[in-house]
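In what follows, a single structure is set out as structure tokens and then discussed.
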Amino acid sequence: MTTIRMVEGGTTMENQFPIQQFLDPQGNWISENHQELLTEERTKEFYQQMIRIRTFDRKAVSLQRQGRIGTYAAFEGQEASQVGSALALNKKDWIFPTYRDHGATMTFGHSLRNVLLFWNGRNEGNIPPEGLNIFPPGIPIATQLPHAVGAAFAEKRKGTKKAVITYFGDGATSEGDFHEGLNFASVFSSPVVFFNQNNQYAISVPMSKQMKTKTIAQKGLAYDIPSVRIDGNDVFSVYVHTLEALERARAGQGPTLIEAVTWRYGAHTTADDPSKYRDQQESTNRREESDPLLRLERCMKQNGWFNEEWVNKITNDAVQEVEQAVEEMEAYVKPDPAMIFDYVYQEITPSLAKQKKALLHMLGGDEQ
Amino acid sequence: MTTIRMVEGGTTMENQFPIQQFLDPQGNWISENHQELLTEERTKEFYQQMIRIRTFDRKAVSLQRQGRIGTYAAFEGQEASQVGSALALNKKDWIFPTYRDHGATMTFGHSLRNVLLFWNGRNEGNIPPEGLNIFPPGIPIATQLPHAVGAAFAEKRKGTKKAVITYFGDGATSEGDFHEGLNFASVFSSPVVFFNQNNQYAISVPMSKQMKTKTIAQKGLAYDIPSVRIDGNDVFSVYVHTLEALERARAGQGPTLIEAVTWRYGAHTTADDPSKYRDQQESTNRREESDPLLRLERCMKQNGWFNEEWVNKITNDAVQEVEQAVEEMEAYVKPDPAMIFDYVYQEITPSLAKQKKALLHMLGGDEQ
Amino acid sequence: MTTTVKTNSLTLVTAITDALAVMLKDDENVLLLGEDIGKNGGVFRATEGLQAEFGEDRVIDTPLSEAGFVGAAIGMAANGLKPVVEIQFLGFIYPAYEQLMTHAVRLRSRTLGHYSVPLVIRAPYGAGVRAPEIHCDSTEAIFTHMPGMKVVCPSNPYDAKGLMIAAIEDPDPVLFLEPMRSYRAVKENVPEGKYSIEIGKGNKLVEGDDVTIITWGAMVPVVMNATKRLRDDDVSCDVIDLRTLSPLDEELIAESVQKTGRTVIVQEAHPTSSVANDIMSVINETCFLYQKAPVEKVSGFDTPVPYFSYEDFYLPTPERVIHAVTKVMNF
Amino acid sequence: MTTTVKTNSLTLVTAITDALAVMLKDDENVLLLGEDIGKNGGVFRATEGLQAEFGEDRVIDTPLSEAGFVGAAIGMAANGLKPVVEIQFLGFIYPAYEQLMTHAVRLRSRTLGHYSVPLVIRAPYGAGVRAPEIHCDSTEAIFTHMPGMKVVCPSNPYDAKGLMIAAIEDPDPVLFLEPMRSYRAVKENVPEGKYSIEIGKGNKLVEGDDVTIITWGAMVPVVMNATKRLRDDDVSCDVIDLRTLSPLDEELIAESVQKTGRTVIVQEAHPTSSVANDIMSVINETCFLYQKAPVEKVSGFDTPVPYFSYEDFYLPTPERVIHAVTKVMNF
Ligand SMILES: Cc1ncc(C[n+]2csc(CCOP(=O)(O)OP(=O)(O)O)c2C)c(N)n1
Ligand SMILES: Cc1ncc(C[n+]2csc(CCOP(=O)(O)OP(=O)(O)O)c2C)c(N)n1
Ligand SMILES: [Mg+2]
Ligand SMILES: [Mg+2]
């Protein structure tokens, strides 16, 4: 029987969604667009933020090793994606992050102490600084996407120009909440940016086992959502495309899907052993090849903006800031058992009040 | 800021997925392909099946009006989609239908009596005839898709050439189970055909409120699943494309998504009043324009195959068969309370046995 | 000075429509979301006319995706809106179970009150209307087991309106269960305008001394029927309509059982891990020395709610209630 | 003639791995599905080495979609396979709640046994290991409220292997709960090869006359610790490890409580609509005239399982158990 043509996405999609890159791994500007962005000031701002969050990230890993915080999810390797996207936001916008996106929330203005408190099993850490709209990290995969869509829906309804960004990984695209969130946003043209960090692994599961497609950007086609695939280790590409997506949102043009192709150099979390499922040599190679910080260093050197002292200074500043946050985290008031009862409802129920009383009495009884 | 090109599906998709039609509404063959299929025998076979299931469908509606069965979901208008796809199956294949696809299951060989029993609140109606793999109708929308994918996965693993077809509507595409089912099937290249009947409404919700896209076929692009949009009222197009999708499945080429564009002429169910949300005049017009049975009549007339007596005969045969099924359904043994306890587990649990005993005692006590 | 309140004769379902209209007028942040609630006015007509009156941006037809629109409603609620979401039937809420369990009920405690979720989920539920399978579930208990959720269920038009208004004004998520079987069972005069019934408070329907009967929702008329017949046998029943399933009105339960010493609980749900067992736990804790007989449960069974030709076997009947009362009386 | 059975010294988690290996060998239709269970061997190493031994088509990494792969597993089970699905943590099962509630547990009754779902869902669960939020839920009761589901929970390596083999051989869906906290707590000698422990039967751990303590899973060591200390005060406890939460071993419970007349139930879950209340219901029905004191519950609270810096406040402790036993003794 002669074959009826069936339109197939397949191989053509990688060409339909070429990886958008401005700055190549050697630090050369390779695009005709936005040359104007490549200034010493902006480059240094990007670099300083990346140094800052990487300093935090590495410190957190060592705190976990010392048992000073709990299981921790490091983002090392994804700094360009998180810094570039977060710096594109307005202060009044909303962020809906996952457990791996505190690089973005800290860049946006989250309290380092609170981020550490969160990783130390303190929900106090979920409270954002005054005036910043930062949702607590989504732990169940992809569940934050519908929340972001709803918050965006609300902003549109209120007639504000606030936009929403939500972060999620490659694995998250397999969940129903990804699909339902994107469909809802496209139907109601909600001002939201779906920022996917495709680090190519969901814990041990490589992208090839997660989906048949070679790109995540193409999934936007199912919703008529404009999509773009970018180099997630090129902070300029991340910044520009996020800015544009945010502008589309503010202009009432609805949602955008950004696939930022990146890589995590380390383990999924401090509880994970990547050598079980991948050759960490690859991470080492990728680091030399396309580390987002190295790339900026090369760029700065080529443009004569690189300055050893300045680098040392911002590095020391970052270390100071992080150390300060660690001290504050560790000096933080110790957990009060009453707290687990006092925020279940705005007003405690009679039976909860009884349970609280009984526990406090027990603890009093046992401790004094 | 100059705009970065973002690949957008949008308007281009209707052109990428043109509606495949062989037989136009006037009954003219308009394709170069598969002319050989247009024989008197096959045309009459299609027509007879459609008469048969339409006869059943109308009878069921009137049975509901008379209170002889419960709420009923009519498929009138979708006969070509259900007959064309079901006739493409092998007898050993699997069907995973919804509540509106008994036109397909009856064509495949389901017992008319059992279908009526189902609509009369008897789970006995879910038992398929010996040797046929017919799953009970999926009531929660889209939940049957993962089941179909799993059954297909199992056939592949057993190394059989059996394929699976699952039916679902336009509204079903909004559910997470649609997304997760298609992704799973594409990753494992499962031998399943996703047969979508896009009748353009989910109860009262038109396609335009269900999704931003103008086609459902394009949703296959998110999974690299070959997809095609066809005229769901052209039984030849339905038959040919389903056959091909099934061949792809048997040949190890994995899943296919078929969007059959159609229309239900009546209410969503006998509990629904379509005049609340759409002008039924449109249904009347569409009926004259593109009723799948009319189309075949026109085709048969043009080819000189139309024969009044034959039509009367097959119509009477259908009426007889349906009446017979109604009698059997109404003569069916009355509900036995023990049944609600005896099939919860293969072996009843002690506490369930107690509950059963208590009820039977009560009923005995009250009735005798 | 006396004020006369106008009333309208309403059924349980039209009382809900009335409550929704009152709140849509009262607070511009209230909006309704769900499948077929717009032009169609809902499959049970609970939102009849509301889109026409308040507009498409207040009464919104959503795509067919319970997890998606419940999740979106959580984001809306956290961002200043007050969404009232209709789930077409309780049996179709399960896809949204995660959004409710991990987010709606936890956001307040996760952020120590910085964010909260003033969300109402409406769901018709229960058997007895010859509906297809899954449409008839009464799985209240999987929501009462959600810390942070409140679960209410009216049995009559007056309570339906008052509880709905209270639910919409509540700062926390409320699951509002609507007994389908009672939607149009009776009409009653319901006050116009705004009034509310406190969530967490039951209602004593009948005062009696011999036995306490605790029930709610569609089982109330079943119990009232039994109670009348029992009165002829000089058994006097203390009948409680719980109205709220979580948090339970423990005081009302205790006070009644301490008086009667005998209890019959009547519910439609599966007995295992059900609200009936929560009531037993309250009685165990508060009435041990008062009990004259074991608590009797009249309940659905630990079977799926059967197809409708079998549902009458599944549902509690006045006969089963009388049987249970007789049992505790003769213990 | 005597036969000597070889044994291996295993932890609870390695005993599960052993059981899975035994069944993968025993029945070619058994296959494992889940996230990160292949090369990675599972985040708790429960499937360590199994993919290497049995191949990628027996031990399968799925996409990250609980509803999807549980739904697919239902289709596989209905079509002749025996899927054993790992949910990475019980707190991530909620997206699959609908597939379990409306399909896995109902297919048999919907088709009068024509189709059935021999499916095992494995899920690590419970608090006490300083895991992030949602990873620590112990929401057993939302599954015991599912007619058609069986729910088991081992407390030690021997039971873990025997119950897992029984679960895989069971013709109906079984939720197999794995107390994370006990995964590596102890090692014991576990017989090689195939043996099984009957689902639905509890286990008497300690014989005593004064008070019955009923518990399961990770709470067993907490209770054993309290029991030892109580023995010094001459309180003799009858300790039951339920092992199966649905269906309950009502006989074992009744027989013990009829002997002691006093009961303490120890569980980690939220008390409202929990398994503890199901046990109370059994006691109410079978032991009314034997009870010397109200049943005491030592339980988690009706709060979300708190972030790990607070979890020690949430979890039952030996002190709380002793306090409850003292209370029922002095009633
Ligand atoms: C619903 C759900 N299932 C499983 C998990 C366990 N889990 C935590 S992270 C993770 C992988 C997520 O991968 P991806 O979305 O790519 O994000 P990444 O961790 O790579 O940043 C999994 C399976 C979870 N948190 N939620
Ligand atoms: C999960 C779920 N939500 C809601 C419903 C109620 N419902 C029954 S049919 C239907 C519309 C389905 O539309 P579509 O998928 O287009 O199929 P059609 O009825 O048009 O054949 C809805 C919302 C349901 N059955 N399941
Ligand atoms: Mg990833
Ligand atoms: Mg439709």
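Lettering follows sequence order; numbering is per chain, from 1.
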Heavy-atom proximity to chain D below 4.5 Å, by part of [X]:
| X | value |
| --- | --- |
| B/F96 | neither |
| B/E155 | both |
| B/T349 | side chain |
| B/Y345 | both |

Tell me the closest heavy-atom pair linking [X] and [Y], and the distance in Å.
| X | Y | result |
| --- | --- | --- |
| B/F188 | D/P63 | CE1-CD, 3.9 Å |
| D/L107 | B/P136 | CD1-CG, 3.8 Å |
| B/E180 | D/S65 | OE1-CB, 3.0 Å |
| D/R110 | B/N123 | O-CB, 3.1 Å |
| B/H147 | D/G71 | CD2-O, 3.3 Å |
| B/P146 | D/G68 | CB-O, 3.8 Å |

Assess whether atom [atom1] of [X] is packed by more than 12 heavy atoms of other residues, nucleotides or ligands within 6.0 Å.
| X | atom1 | result |
| --- | --- | --- |
| B/K357 | NZ | no |
| D/E28 | CD | no |
| D/Y195 | OH | yes |
| D/K39 | NZ | no |
| B/E330 | CD | yes |

Answer with side chain, backbone, both or neither: which region of [X] has an atom nearer than 4.5 Å to a non-hydrogen atom of chain B?
| X | value |
| --- | --- |
| D/A73 | neither |
| D/D61 | backbone |
| D/L64 | neither |
| D/S116 | neither |

Once you round to the nearest 0.5 Å, how far does [atom1] of [X] lie from [atom2] of [Y]?
| X | Y | atom1 | atom2 | value |
| --- | --- | --- | --- | --- |
| B/R157 | D/L31 | CZ | CG | 5.0 Å |
| D/D57 | B/K156 | CG | NZ | 10.5 Å |
| B/N133 | D/N79 | CG | CG | 7.0 Å |
| D/M76 | B/F153 | CE | CZ | 4.5 Å |
| B/N126 | D/L112 | CG | CG | 8.0 Å |
| B/S351 | D/D278 | OG | CG | 9.5 Å |

Legend entry - Carboxylate-amine/guanidinium proximity below 4.0 Å for B/K354 and D/E285: yes
Inset, instruction - Test ring-ring contact (aromatic ring centres under 6.0 Å, His included) on D/F69 and B/F184 and set out the steps. - result: CA-CA 7 Å; D/F69 63 73; B/F184 195 99; 7.6 Å; no
Inset, instruction - Mark yes or no for whether D/Y115, through its side chain, and B/I134, through its backbone, hold a donor-acceptor pair below 3.5 Å. - result: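 Answer holds: yes.
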Which one wins on heavy-atom pair count under 4.5 Å against chain D: [options]?
| options | answer |
| --- | --- |
| B/V344, B/L352, B/D342 | B/V344 |
| B/D177, B/L145, B/V149 | B/D177 |
| B/A151, B/G138, B/S190, B/G125 | B/A151 |
| B/H179, B/M339, B/K158 | B/K158 |

Between [options], who has the most heavy-atom pairs with chain B when the cutoff is under 4.5 Å?
| options | answer |
| --- | --- |
| D/M149, D/E66, D/E251 | D/M149 |
| D/G200, D/A67, D/P83 | D/A67 |
| D/H114, D/K150, D/R106, D/H103 | D/H103 |

Inset, instruction - Say whether B/Q346 and D/D170, considering side chains only, have a donor N or O and an acceptor N or O under 3.5 Å apart. - result: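 No.
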